[in-house]
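FYI, the numbering just counts along the sequence from 1. No experiment lies behind these values; they were computed from the predicted model shown.
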Amino acid sequence: MSLSVKPYQFDNLLLVLWIIILVFFILSLLFFVLTSVKKAQRIRRDKIKKRYQEKINHILFRFMFESQDIKSTIKHFNKHFDKKGRLFARLTIKSLIELHRIYKGAYHKNIELFFVESGLSEHSMKLLKSRNWMYKVEGIRNLSELDYLESFQEIKAQLSNKNEMVQEEAILGMIRLKGLDALIQIQDINLWLSDWLQAHIIHVIHIKNFKKPSDFSTLLESKNPTIHLLVARIAQHFQETEIIEELNSIVSKSTNLKIKSQISVIVENLKSSKI
């Protein structure tokens, strides 16, 4: 028995094939156009950022190293800030944070002065009121990195935010602004302090050269097991051997096997350093 394809069936198959080829061609063309547009936009944005950064570097250099007065500097800055908006502000703050980490003394204070007088501190405070969690995190980071102490209460208020990233950044911000004694204000927090957050806290302690907390014992009264682990890690950073017995007590009572194990290792390290 032989199979045969009727003419009209062949025509239908050919039509379907042409439709598939046409759809594939259109999709390929659309993909190419979208890719080209995105690439062009990225190139344009990179050019704008480069141009902005050159102007920012010029403004900050004259202020910091050529003794230009703050009034003239702000007048020059505002000509660009008023026209260019958020991107110019973001790049300026990024530059200020980088300089703030490098320089100390009078330079350090001048950077903080510029942050306030330029209106960038106010700009960052407004970010805290945004509904977008990424803007909130950006605002907290700007304000705390540049030691804007007036923002402490507003940053602390972000602990009640439902987004954990905002809460974590708020904790870091509080510590940057007021040192490790700020931990007392979070000892009853329900947030599970991630290893990522704890590593960043230890890093902040190191780069800011903070003194150890005035009262480790109070922090160990927290019902949050991750607070106990954080205290143990801070104790290890400062080689605080006097807290060994209290940490042993925490280990004996802990029901979280992972945290129990991690604190036990820290206790052993502290004992070794004591010998």
Pair S95, Q53: side-chain N/O donor-acceptor within cut-off below 3.5 Å: yes

Side chains of Y52 and R90, donor plus acceptor under 3.5 Å: no

Heavy-atom pair of closest approach, residues T241 and L270: CG2-O, 3.6 Å

K223/D188 under side chain to side chain contact (heavy atoms under 4.5 Å, CB included): CA gap, chis, key distance, verdict: CA-CA 7 Å; K223 294 180 180 179; D188 296 323; over 6 Å; no

H206 and H237 aromatic ring geometry - parallel, tilted or perpendicular at 30°/60° bounds: perpendicular

Residue pair E54, R51: steps toward the salt bridge (charged side-chain N to carboxylate O under 4.0 Å, His left out) verdict: CA-CA 5 Å; E54 288 173 353; R51 189 167 69 248; over 6 Å; no

Least distance between heavy atoms, F238 atom then I205 atom: CZ-CG2, 3.7 Å

Least distance between heavy atoms, I70 atom then F114 atom: CD1-CA, 4.2 Å

Gap separating the CG atom of D181 from the NZ atom of K212, nearest 0.5 angstrom: 12.0 Å

Main-chain N/O of L197 paired with S194 side-chain donor or acceptor, under 3.5 Å: yes

More than 12 heavy atoms of other groups within 6.0 Å of E98 CD: yes

I201 to I171 - nearest heavy-atom pair and separation: CD1-CG2, 4.2 Å

Whether over 12 other heavy atoms sit under 6.0 Å from E150 CD: yes

Min side-chain heavy-atom separation E242-E240 under 4.5 Å: yes

same_hphob_cluster(M64, I93) at 4.5 Å side-chain heavy-atom cutoff: yes

Charged N-O contact under 4.0 Å between K109 and D147: no

Minimum side-chain heavy-atom gap V231-I243 below 4.5 Å: yes

Pairing of E138 and K94 as salt bridge, 4.0 angstrom limit: no

Verdict with reasoning, R233 to D195, per salt bridge (charged side-chain N to carboxylate O under 4.0 Å, His left out): CA-CA 11 Å; R233 284 170 167 163; D195 287 336; 3.2 Å; yes

Parallel, tilted or perpendicular: ring planes of H58 versus H76, cut at 30 and 60 degrees: perpendicular

4.5 Å side-chain heavy-atom contact, W192 and E164: no

Test item: S124 side-chain N/O and L120 main-chain N/O as donor-acceptor pair under 3.5 Å: yes

Side-chain donor or acceptor of K136 paired with backbone N/O of S130 under 3.5 Å: yes

Between F77 and F88, ring centroids under 6.0 Å: yes

Between Q187 and T218, a side-chain donor and acceptor under 3.5 Å: no

Validation row: N161, L159 side chains within 4.5 angstrom (heavy atoms): no

Over 12 foreign heavy atoms within 6.0 Å of CG, D46: yes

Heavy-atom check, side chain of P213 versus side chain of I234, under 4.5 Å: yes

Heavy-atom closest pair, residues K211 and L180: O-CD1, 3.5 Å

ILVMFWY cluster, Y103 and I207 together (side-chain gap under 4.5 Å): no

Exceeds 12 heavy-atom contacts within 6.0 angstrom, atom NZ of K104: yes

From CD1 (I244) to CG (N248), nearest 0.5 Å: 7.5 Å

Heavy atoms of other groups near K260 NZ, more than 12 under 6.0 Å: yes

Donor-acceptor pair, side chain of E246 and main chain of L220, under 3.5 angstrom: no

Side-chain donor-acceptor pair present, N269, S272, cut-off under 3.5 Å: no

Over 12 non-hydrogen atoms of neighbours within 6.0 angstrom of CZ in F65: yes

L60 with I102, same ILVMFWY side-chain cluster at under 4.5 Å: yes

Pair N224-T226, side-chain donor/acceptor within less than 3.5 Å: yes

Q239 side chain to Q236 backbone, donor-acceptor under 3.5 Å: yes

Distance-only side-chain donor-acceptor flag, E112 / H100, under 3.5 Å: yes

For T73, the option from Q68, E117, R62 that meets side chain to side chain donor-acceptor pair (under 3.5 Å): Q68

Residue pair R45 / L87, side-chain heavy-atom distance below 4.5 Å: yes

I26 reachable from L17 in the ILVMFWY side-chain graph, under 4.5 Å edges: no

Non-hydrogen side-chain atoms of F152 and L143 separated by less than 4.5 Å: no

Distance (rounded to the nearest 0.5 Å) between I175 CD1 and Q185 CD: 11.0 Å

Within 6.0 angstrom of W18 CH2, more than 12 heavy atoms from elsewhere: no

Trace of the ring pair (Phe, Tyr, Trp, His ring centres under 6.0 Å) decision for F63 with Y107: CA-CA 10 Å; F63 174 60; Y107 291 129; 9.8 Å; no

Side-chain donor or acceptor of S222 paired with backbone N/O of L219 under 3.5 Å: no

From CD (Q153) to CG (L177), nearest 0.5 Å: 10.5 Å

Linked, directly or transitively: I227 and I184 (ILVMFWY side chains, under 4.5 Å): yes

Within-4.5 Å side-chain heavy-atom neighbours: L183 and L230: yes

Spacing of OG belonging to S261 relative to CG belonging to N256, to within rounding of 0.5 Å: 10.0 Å

Point-to-point distance, once rounded to the nearest 0.5 Å, from CD1 of I111 to CG of L96: 7.0 Å

Minimum-distance pair of heavy atoms, taken over all atoms of A232 and L247: CB-CD2, 4.0 Å

